[in-house]
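Being a predicted model, the structure only gives us computed values, none of them experimental. To find a chain, count down the sequence lines: A is the first, B the second, and so on, and within it residues start at 1. Quick note: numbers below take in every heavy atom, side chains included, and nothing from hydrogens, waters or symmetry partners.
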There are 2 protein chains.
Amino acid sequence: MASIKDVAAQAGVSVATVSRVLNSHPSVSPDARSRVLAAVDALGYRPNAVARSLRTDQTRTLGLVISDVLNPYFTALARSVEEEARALGYSVIIGNADERPEQQDHHVRTLLDRRIDGLLVSPADGASPLLHEVARTGTPMVFVDRWMPGVDVPVVRADGHRAIQDLVAHLHALGHRRLAIIAGPAATTTGDERVEAFREAMRTHGLALPDAYIGQGDFQADSGRRVTEHFLSLPEPPEIVFAADNLMALGALDAIRAHGLRVPEDIGIAAFDDIPWFVHTGPPITAIAQPTGDLGRAAVRALVDVIEGRPPQSVTLPARLVVRSSCGEPAGGPPSNRSDRRSGL
Amino acid sequence: MASIKDVAAQAGVSVATVSRVLNSHPSVSPDARSRVLAAVDALGYRPNAVARSLRTDQTRTLGLVISDVLNPYFTALARSVEEEARALGYSVIIGNADERPEQQDHHVRTLLDRRIDGLLVSPADGASPLLHEVARTGTPMVFVDRWMPGVDVPVVRADGHRAIQDLVAHLHALGHRRLAIIAGPAATTTGDERVEAFREAMRTHGLALPDAYIGQGDFQADSGRRVTEHFLSLPEPPEIVFAADNLMALGALDAIRAHGLRVPEDIGIAAFDDIPWFVHTGPPITAIAQPTGDLGRAAVRALVDVIEGRPPQSVTLPARLVVRSSCGEPAGGPPSNRSDRRSGL
DNA sequence: CTGCGCCGTGGAATCGATTACACGGATGAT
DNA sequence: ATCATCCGTGTAATCGATTCCACGGCGCAG
């Protein structure tokens with residue numbers, strides 16, 4: 001592969017001049033510039049980003065460590081992150097933690113070894129010493145979706161409090177009283193937060209939330225299955241199961257189907273995260289939608305602000321309830337939810 | 001951030017010795033080794049991968065350019081690719097083409113600029129001059145899922161011929177005669193191939209496949225919607241719509257729902273690609289499943305073979321039909337498909 | 001006419017690693 | 001005792017870029 005030396009030789013100038021042309025430095029004669037450009041073209045020369053990074057101490061690359069690539073919520077996030085980053089002249093390297101703290105740390109370390117300019121993380125684990133260390137050493141970092149309490153880093157996330165209140169109000173209005181939740185890992189802020197918001201909403205509506213109705217999941221489908229099995233085995237099973245993410249909702253559906261039960265007649269279901277498929281499940285699933293696109297864009301902007309020395313901003317955007325029929329037919333009869341005419345994918 | 005010089009100073013040795021310890025070169029005294037290790041630990045030193053790559057001319061990184069991150073098939077593929085690569089000591093940088101040739105080329109170029117050791121591509125476009133060029137210059141490359149005819153590069157993919165034959169046989173047995181297909185872009189091999197296999201299977205069963213029943217899609221949900229609208233407006237609409245990927249199936253469902261039609265009573269649906277949600281759609285969708293995990297692993301192994309100078313192998317694995325109820329109840333009555341008890345996500 | 005300053009350019013240092021080569025000392029063979 | 005060998009180590013070249021500094025030539029002002 002041709003190097004800058006080859007270009008310099010071909011153009012009859014020094015490497016310094018070639019570099020100046022390539023970086024559009026002002027003081028280069030039109031003559032030299034065109035000879036360099038011609039040589040670049042002739043040789044199909046492309047600057048070696050590795051060498052350039054070594055010298056300039058910047059890679060124009062962002063690291064994004066997401067909790068799970070198989071989760072449509074995170075891929076939607078990843079997509080908007082990459083798009084915004086590209087628009088700002090950065091590339092993105094994605095690391096998939098698979099909800100496993102060791103794997104998260106592995107990716108963080110690898111990304112740091114490659115000297116990425118900044119890190120976007122959705123921590124799979126509230127207590128990673130490595131991430132604490134990273135924050136302490138001043139590596140530009142922004143948390144997205146989840147965060148770590150006590151770490152002074154901008155956070156970009158959606159707030160589900162209001163939407164969860166709306167959800168419980170909706171369920172209450174439909175006559176449901178026994179509501180259960182499949183929680184995310186307590187080690188994640190989103191896990192905690194959603195349970196707390198749910199608990200609070202239940203209190204607001206004068207409903208009890210017994211411990212038996214709080215199942216411990218891990219944001220993966222299997223745990224949704226397991227917890228739902230448990231709910232169904234209770235002497236008095238819940239009327240509604242609310243899953244704290246879409247994959248656990250998938251698992252819950254698996255379990256319900258395995259028991260030969262019908263939704264919503266025998267048991268209702270709702271989920272945090274809205275995905276295109278929820279429109280077409282049997283029945284369509286009531287969900288809380290997050291503004292993934294805005295989240296991704298805001299996260300990148302905050303991170304780039306840190307990197308380029310501007311004061312960054314934490315951002316919290318509201319999530320919103322999307323009512324479908326998985327908890328019983330909303331008043332007014334047959335499906336008429338206009339927002340569902342297109343899946344938006 | 002501490003460099004190798006700092007470690008050398010701290011340990012009282014030269015940088016060469018530090019490097020030797022780090023690369024477990026044999027001739028280092030136990031004493032020096034332990035002093036270096038202590039210094040590394042004290043300083044929290046991590047080798048700069050950028051500098052290392054510049055010197056050794058290898059990055060131990062693979063590039064993966066997929067057609068669409070929002071497509072669960074490709075994220076499943078990406079996950080298995082990353083896993084296998086990690087097992088072999090490589091990292092993976094994912095580029096998302098979004099089914100757009102320019103964006104694909106953008107990522108290919110960026111990856112090459114970073115001097116990745118090898119490239120895994122699922123070409124969004126049959127004729128990218130850039131990819132031709134890359135193949136010609138001998139950059140290690142392997143095609144996965146889709147390929148480019150006439151480019152001499154190993155291909156790892158699933159073969160759907162047999163599964164499509166099985167699908168048409170199944171539909172024929174259910175009494176369906178008017179089958180339509182939503183094809184992928186003709187510029188992709190998978191697009192072409194699936195139509196051809198379908199056409200052949202129709203012929204085998206003595207069925208006609210009029211041009212009006214071949215809709216042109218682009219592997220995205222919107223096109224599935226559009227093509228299905230068209231099918232439904234035909235004087236004699238098809239009894240079954242077969243979508244060449246899962247996103248177009250999603251779009252088809254959107255269109256069918258918008259028309260207030262029921263599946264499978266009014267119209268049946270089947271899809272290429274199986275995803276966990278197909279079990280829970282209303283009704284569960286008959287699909288052709290690809291062995292994504294094996295595909296990803298085989299692709300990485302083939303690529304690493306090329307990189308490390310071993311003879312690589314093209315691999316073709318069979319896809320298989322998974323019958324559910326979206327085309328009508330299979331003989332034997334109510335759902336009893338054991339393979340659907342768990343979603344496998 | 002002289003001198004100052006600017007412009008275009010090249011030489012060389014630099015980034016942080018790896019590694020070829022040289023060198024001194026110890027060891028073993030004769 | 002002598003010499004070859006080997007081991008552990010350090011010096012310095014190198015990878016491919018960027019960028020500081022110096023230098024020659026030219027234009028312009030005094």
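In terms of position on DNA chain D, the residue among Val13(B) and Arg115(B) whose nearest nucleotide sits closer to the 5' end is Val13(B). Across the interface with DNA chain C, nearest-nucleotide mapping of Arg33(A) and Thr56(A) shows Arg33(A) to be the residue nearer the 5′ end. Between Asp57(B) and Ser14(B), it is Ser14(B) whose nearest contact on DNA chain D lies nearer the 5' terminus. Projected onto DNA chain C by closest heavy-atom contact, Ser19(B) and Ser27(A) fall at different nucleotides, the more 5' of which corresponds to Ser27(A).
For Arg20(B), taking side-chain heavy atoms from C-beta onward, the closest of the listed nucleotides dT19(D), dG10(C), dC21(C) is dC21(C). If you check dA13(D), dT9(C), dC15(C) against the side chain of Arg55(B), the one that comes closest is dA13(D). Distances were taken from every side-chain heavy atom of Ala16(A) (C-beta onward) to each of dT9(C), dT19(D), dG16(D); the shortest belongs to dT19(D). Checked against dG16(C), dT14(C), dG10(C), the side chain of Ile4(B) finds its nearest nucleotide in dG16(C).
Using modelled atom types, one finds no donor on one side chain facing an acceptor on the other under 3.5 Å when comparing Thr189(B) with Arg157(B).
When rounded to the nearest whole Å, the span between CG of Leu54(A) and C1' of dA13(C) equals 13 Å. Asp31(B) has its CG atom 18 Å from the P atom of dC7(D), to the nearest Å. Between the C1' atom of dG8(C) and the CZ atom of Arg35(A) lies a distance of 12 Å, rounded to the nearest Å. The interatomic distance linking Leu43(A) (CG) with dG16(D) (C1') rounds to 15 Å, in whole Å. Arg114(A) has its CZ atom 18 Å from the P atom of dG16(C), to the nearest Å. Atom CD in Gln58(B) sits roughly 16 Å away from atom P in dA17(C) (whole-Å rounding). Following rounding to the nearest Å, Tyr45(B) (OH) and dG16(C) (C1') show an atom-to-atom distance of 7 Å. The nearest whole Å value for the distance from the CG atom in Asn23(B) to the P atom in dT19(C) is 7 Å.
The pair Arg86(A)-Glu102(B) does not meet the salt-bridge criterion, since no charged nitrogen lies less than 4.0 angstrom from a carboxylate oxygen. Remark: Glu83(A) does not engage Arg100(B) in a salt bridge, criterion side-chain N to carboxylate O under 4.0 Å. Salt-bridge formation is detected for the pair Glu133(B)/Arg136(B): a Lys NZ or Arg NE/NH1/NH2 atom is positioned less than 4.0 Å from an Asp or Glu carboxylate oxygen. Using a cut-off of 4.0 Å between Lys/Arg side-chain N and Asp/Glu carboxylate O, Asp113(A) and Arg109(A) are scored as not salt-bridged.
Within the nucleic acid shown, Ala49(A) has no heavy atom closer than 4.0 Å to any nucleic acid atom.
Applying the 4.0 Å criterion to OP1 and OP2 of dC15(C), one finds that Asn48(B) has every side-chain N and O outside that range. Considering only side-chain N and O atoms, Ser29(B) lies under 4.0 angstrom from the phosphate OP1 or OP2 of dT9(D). Applying the 4.0 Å criterion to OP1 and OP2 of dT18(C), one finds that Arg52(B) has a side-chain N or O inside that range.
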